[in-house]
Amino acid sequence: MIDRNLLRENPERVRRSLLRRGLDATPVDEACALDERWRAAVTRADRLKAERNALSAAFAQAKASGTPADLERLRRRSNELAAEVAAAEHEAREAERALEQVLEQIPNLVADEVPDGSGEEANVQVRSSGPPPAPAGTPKPHWDIGEELGILDFERGARLARSRFAVLVGAGARLSRALVDFFLARNLAAGFTEINPPILVNRESVAATGHLSKFSDQMFSVDGASLYLSPTAEVQLVNLHRDEILAASDLPKLYTAYTPCFRQEAGAAGKDTRGLIRQHQFEKVELVAVCEPNQAATLHERITAQAESLLQALGLPYRIMALCAGDLGFASRKTYDLEVWLPGQKAYREISSCSDCGDFQARRANLRFRSAPTARPRFAHTLNGSALAVGRTLVAILENYRQPDGSVVIPEVLRPYMQGLDAIRPA
RNA sequence: GGAGAGAUGGCUGAGCUGGCUGAAAGCGGCGGUUUGCUAAACCGUUAUAGUGCCGUCAAGGCGCUAUCGAGGGUUCGAAUCCCUCUCUCUCCGCCA
């Protein structure tokens, strides 16, 4: 949620940000008008309530010293006021609700340094591990490799649930678990605190991170329980401190969590229908930071570097892209995508997305901090990034480490997590 | 799933026979006095949000409004009475 004061004082800035994202800017004008309507109604209601309160006090006095006629007069006047108050409050509520609805559609302000552009093509490479290496033999897509090795089973996934669900078998399941363990160990060593959160989350939680907006209706919900299956641990980790006022001395809060994630992938029909890239259920190790505003930029680089270090340790070719304004997520003001090279697709694919959300999520989550014991609370800043997406890392290993004989070598750093297994070989 | 108890400010905890109670008291925090330093003692101060006016902006000042788990109701007036919901705790049952 963007700052209502900013909207009031500098609507032009909000408008510019929407245009940079390639979106329509009329919600800004709607919001300004509704805000004015809301303020007028609130002011009126407050004035009426003040009068009513004064009358109540007078009533208490009159009860001791006044006549029955006085009491009756006060009672009647107060009843009249009550009706006026109700009308003003109704008007305020209506305006407020309409305003909320408009504000929910306005994405975060784009950071100045974010490159212009409307889509993926305009993203700018920040750095890379170098040009992708020449393949050793004929590259194959991971679904073929996985089937050859008997470690990926999409048919049975569909049997158990439906399409876009998969079953990992044997060494595949083990490799996946090893990746989780490896990621967590490295993240802990980097100073992040491990969290094991609920996977089902309530409406307030998904609203806070911006996942409920009309631009990202991607969630599964649980009928009858008013809960959602979390689409990313970002939701849980950011909401850990919802409605809290943290001491600056406790910041930054650095969290990492391994969780399953669930996404409808609505609107992705026909995209990545084969393989592990785009599943309804997937696993991810997430990083989240809650910090003071002046720490955000540094932490953004740190989270990105942490995710990058995992790719380096695994020896996977990658590049890091600064997303352009048009490609930025709803809650993000600046994002780096980490893309891993997939020889089977001859393409780089997203394996982590590291975003600086500024105070956008904190405002909705009412997540604040105090810079000093007596200072006024201010909204914290939140950042998030995957380190890393487990399924996609598994894909990258299968495709990058496949040997001409059909086996897949296990990256050195993972072997301790797999009882020393050095390769997955065809049965 | 059944039975009962409860939810008040950073914390503990009064108030709950409805009317200066946004809320006692204690602790904690902050500022100060005292002190060679520390501690103790003493004094003062200490919730959050919204909004109006003043201030060229800002810092700030002066008001008003709301909030005692959430939402509704009764009443001239609700932390206090009634209803619904959520959550927490205790006991019983069931269960990974």
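Reminder, nothing fancy here: chain letters follow the sequence lines and each chain counts from 1.
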**Item:** Strand RNA chain B in bracket notation, Watson-Crick/G-U under 3.5 Å with | for pairs to another chain
**Value:** ((((((((.[[[..)...(.....]]]((((((.......))))))((((((((.....)))))))).[[[[[..)....]]]]])))))))....
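- Among residues at least two apart or in separate chains, salt bridge (Lys or Arg N to Asp or Glu O under 4.0 Å) pairs with a member in residues 49-59 of chain A are A:Lys49-A:Glu89, A:Glu51-A:Arg77.
- Rounded to whole Å, atom C1' of B:rU51 lies 14 Å from atom CZ of A:Arg44.
- Residues A:Arg402 and A:Glu399 are not paired through a salt bridge, judged by the lack of any N-O separation under 4.0 Å between the basic side chain and the carboxylate.
- Looking at which nucleotide of RNA chain B each of A:Thr374 and A:Glu51 is closest to, the 5′-most match is held by A:Thr374.
- Residue A:Ser56 is in base contact, counting any heavy-atom pair closer than 4.0 Å across all strands shown.
- By the salt bridge (charged side-chain N to carboxylate O under 4.0 Å, His left out) test, A:Glu292 pairs with no residue at all, sequence neighbours left out.
- Rounded to whole Å, the C1' atom of B:rU46 lies 15 Å from the corresponding atom of B:rG26.
- Nucleotides B:rA5 and B:rG63 are separated by 46 Å at their P atoms, to the nearest Å.
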All N/O pairs under 3.5 Å across the protein-nucleotides 47-50 of chain B interface:
from, atom 1, to, atom 2, distance (Å)
B:rU48, OP1, A:Arg370, NH1, 2.7
B:rU48, OP1, A:Arg370, NH2, 3.4
B:rU48, O3', A:Arg368, NH1, 2.8
B:rA49, OP1, A:Arg368, NH1, 2.8
B:rG50, N2, A:Asp46, OD2, 3.2

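- Scored by the salt bridge (charged side-chain N to carboxylate O under 4.0 Å, His left out) test, A:Arg370 finds no partners at all (sequence neighbours excluded).
- Rounded to whole Å, the P atom of B:rU8 lies 10 Å from the corresponding atom of B:rA70.
- Applying the salt bridge (Lys or Arg N to Asp or Glu O under 4.0 Å) definition to pairs two or more places apart or across chains, those involving residues 322-338 of chain A are A:Glu113-A:Lys334, A:Arg333-A:Asp356.
- Every residue two or more places apart in sequence or in another chain that forms a side-chain contact (heavy atoms from CB on, under 4.5 Å) with A:Asp181 is listed here: A:Tyr417.
- In this structure, A:Phe360 and A:Phe330 have perpendicular ring planes: the angle between them is above 60°, well past the 30° mark.
- The shortest distance between the side-chain N/O atoms of A:Asn53 and the OP1/OP2 oxygens of B:rU65 is below 4.0 Å.
- For the pair A:Glu96 and A:Arg4, the salt-bridge criterion is met [side-chain N within less than 4.0 Å of a carboxylate O].
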Name the atoms and distances for all side-chain donor-acceptor pairs under 3.5 Å in residues 22-35 of chain A, with sequence neighbours left out.
from, atom 1, to, atom 2, distance (Å)
A:Asp24, OD1, A:Thr26, N, 3.3
A:Asp24, OD1, A:Thr26, OG1, 3.4
A:Asp24, OD2, A:Thr26, OG1, 2.6
A:Asp29, OD1, A:Arg15, NH2, 2.7
A:Asp35, OD1, A:Arg8, NH2, 3.0
A:Asp35, OD2, A:Arg8, NE, 2.6
A:Asp35, OD2, A:Arg8, NH2, 3.4

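- Atom pair A:Asp35:CG and B:rU51:C1' shows a separation of 11 Å (rounding to whole Å applied).
- Counting to the nearest Å, the P atom of B:rC76 and the CG atom of A:Leu74 are 12 Å from each other.
- Comparing B:rG73 with B:rG18, their C1' atoms are spaced 15 Å from each other, to the whole Å.
- Across the protein-nucleic acid pair, A:Leu246 atom CG and B:rG10 atom C1' stand 13 Å apart, rounded to whole Å.
- Only the P atoms considered, B:rG1 is 36 Å distant from B:rA78, to the nearest whole Å.
- Shown here are the side-chain contact (heavy atoms from CB on, under 4.5 Å) partners of A:Ala380, two or more places apart in sequence or in another chain: A:Val290, A:Leu367, A:Phe369.
- Distance check on atom C1': B:rC68 versus B:rA49 gives 15 Å, rounded to whole Å.
- For the side-chain contact (heavy atoms from CB on, under 4.5 Å) test, residues two or more places apart in sequence or in another chain that qualify with A:Ala122 are A:Cys324.
- Nearest nucleotide to the side chain of A:Thr43, out of B:rG29, B:rU51, B:rC64: B:rU51.
- For residues 80-101 of chain A, proximity to RNA chain B is found at no residue, defined as any non-hydrogen atom under 4.0 angstrom from a strand atom.
- Across the interface with RNA chain B, nearest-nucleotide mapping of A:Asn79 and A:Ala45 shows A:Ala45 to be the residue nearer the 5′ end.
- Every residue two or more places apart in sequence or in another chain was checked for a side-chain contact (heavy atoms from CB on, under 4.5 Å) with A:Arg376, and none qualifies.
- Spacing of P atoms, B:rG52 relative to B:rG69, comes out at 29 Å, to the nearest Å.
- Here B:rG71 presents its P atom at 16 Å from CZ of A:Arg203, a figure rounded to the nearest Å.
- Between A:Arg52 and B:rA66, a side-chain N or O to OP1/OP2 separation shorter than 4.0 Å is present.
- Under 4.0 Å is where a charged nitrogen must lie from a carboxylate oxygen, and between A:Glu91 and A:Arg37 at least one such pair does.
- As a whole-Å value, the separation of A:Lys49 NZ from B:rC76 P is 19 Å.
- Look at the P atom in both B:rC92 and B:rU12: the space between them is 27 Å, to the nearest Å.
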